[in-house]
Amino acid sequence: MDEDEKGLGTDGVQDEDSARPGPEEQGSATGSQTHDGLGASGVSEAEDQESEERAEAAMSKSQSSAKKGSFWKELPILIVIALVLAFVIRTWLMQAFYIPSTSMENTLLVGDRVLVNKVVYQIRDIERGEVIVFNGDGSWDDPNTVEIPEPTNPVSGAFTWVQQQLGAAPSGKEYIKRVIGLPGDTVECCDEQNRLLVNGEPLDEEAYLYPGSVESHTEFGPIEVPEDHLWLMGDHRAISHDSRANQNNPGGGSVPIDHVVGRAFVIIWPFGQAGGLSVPPAFEELESE
């Protein structure tokens, strides 16, 4: 048999075993296909992850822009709410006042800011010794009243108004004094030690009066405080234009209770002067007698 015929079958066709690829060839082909599939899958997953990250970044940016837009839309509403709350607090609850004169030294100094409680006298009666803010229209004629100049334009007028509401500037209409006599009390000056008398009892006021105030007392009274009125005096007696100096005005120097704005109960500025405005012991002793 020729050498060429050895590689052929009986029919002259190549033997199946010789035509079938060997194990090594099959493994090589399969490995190549698997490697190509894994590579394609890895690229696809990376592209999907990158797409998700881009989508998340875009969504985050969109949400951030929406939040910013929402803030600017809500800002006017927040401002209106703040102004309404400030108006309610100032009108019915509390208000800051600026001290423009020396009539309450050394308890209150020029430039001090006090916080006034407007609610307290809706709950209880006014007590002797308390420091109060009141409107003196119709019953008070104080030559030391601070005159507020008319604003030259709407902007300056609005600025002045805001300062007054915050207690950073005087209003020119309200006064601050200490309550000496209540309705029905008899107030007079002086005893042998030049002290005030309330219902015949002397007041030891030197602890809170401006130095030398007791010696500056001049005689007045006895005066009975009218119903629904108060007898008020400053702590710097030598210069305070108070009930003593207004006896020729309606009320005989006393102030109607319905003119009271509220009780000054704390100094809020400057910080070095900050503190409560409590009733002096002299009045507590008067109450106990």
Run the ring-ring contact (aromatic ring centres under 6.0 Å, His included) test against Y210 and tell me which residues pass, sequence neighbours left out.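 H236.
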
Should Y208 and L197 be regarded as members of a common hydrophobic cluster, given that ILVMFWY residues are connected when their side-chain heavy atoms come within less than 4.5 Å of each other, either directly or indirectly?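 Per the 4.5 Å side-chain linkage, Y208 and L197 are not co-clustered.
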
When clusters are formed by joining ILVMFWY residues with side-chain heavy atoms under 4.5 Å apart, either directly or through shared neighbours, do L109 and F271 land in the same one?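 Unlinked, L109 and F271 end up in two clusters.
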
Minimum heavy-atom distance S254-P226, with the two atoms named: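 Closest approach of S254 to P226, heavy atoms only: OG-CD, 3.3 Å.
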
Which atom pair, heavy atoms only, marks the closest approach of L203 to F283? CD1-CE2, 3.8 Å

Go through the steps to decide whether F97 and V261 satisfy the test side-chain contact (heavy atoms from CB on, under 4.5 Å), and finish with yes or no. CA-CA 11 Å; F97 282 89; V261 175; 4.1 Å; yes

With a 4.5 Å limit on heavy-atom distance, are the side chains of [X] and [Y] in contact?
X	Y	answer
Q95	V133	no
V266	V114	no
S240	K177	yes
I132	L230	yes
L108	D235	no
V187	P222	no
M94	F265	yes
M233	L196	yes

Please collect all side chain to side chain donor-acceptor pair (under 3.5 Å) contacts where either partner lies in residues 216-230, sequence neighbours excluded, each pair once.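 Applying side chain to side chain donor-acceptor pair (under 3.5 Å) to every pair that reaches into residues 216-230, excluding sequence neighbours, yields H217-R237.
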
Once salt bridge (charged side-chain N to carboxylate O under 4.0 Å, His left out) is applied, do any residues pair with [X], and if so which ones, sequence neighbours excluded?
X	value
D204	R195
E130	R124, R263
R128	D185, E287

[X], [atom1] atom: more than 12 neighbouring heavy atoms under 6.0 Å:
X	atom1	result
D137	CG	yes
D258	CG	yes
Q273	CD	yes

N/O donor-acceptor pair under 3.5 Å between N199 side chain and T186 backbone: yes

Report yes or no: does R178 contribute a side-chain atom to a donor-acceptor pair with the main-chain N or O of G129 at less than 3.5 Å?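 Side chain of R178 to backbone of G129, a donor-acceptor pair under 3.5 Å: yes, one is there.
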
When rounded to the nearest 0.5 angstrom, what is the spacing between [atom1] in [X] and [atom2] in [Y]?
X	Y	atom1	atom2	answer
N117	I123	CG	CD1	7.5 Å
N246	W231	CG	CH2	9.0 Å
N135	Y175	CG	OH	8.0 Å

Show your reasoning for whether side-chain contact (heavy atoms from CB on, under 4.5 Å) applies to M104 and I99. CA-CA 9 Å; M104 282 294 291; I99 305 302; 5.7 Å; no

side-chain contact (heavy atoms from CB on, under 4.5 Å) with L232: which of D242, V225, V179? V179

Per the salt bridge (Lys or Arg N to Asp or Glu O under 4.0 Å) rule, what does the pair list look like for residues 268-278, sequence neighbours excluded? none

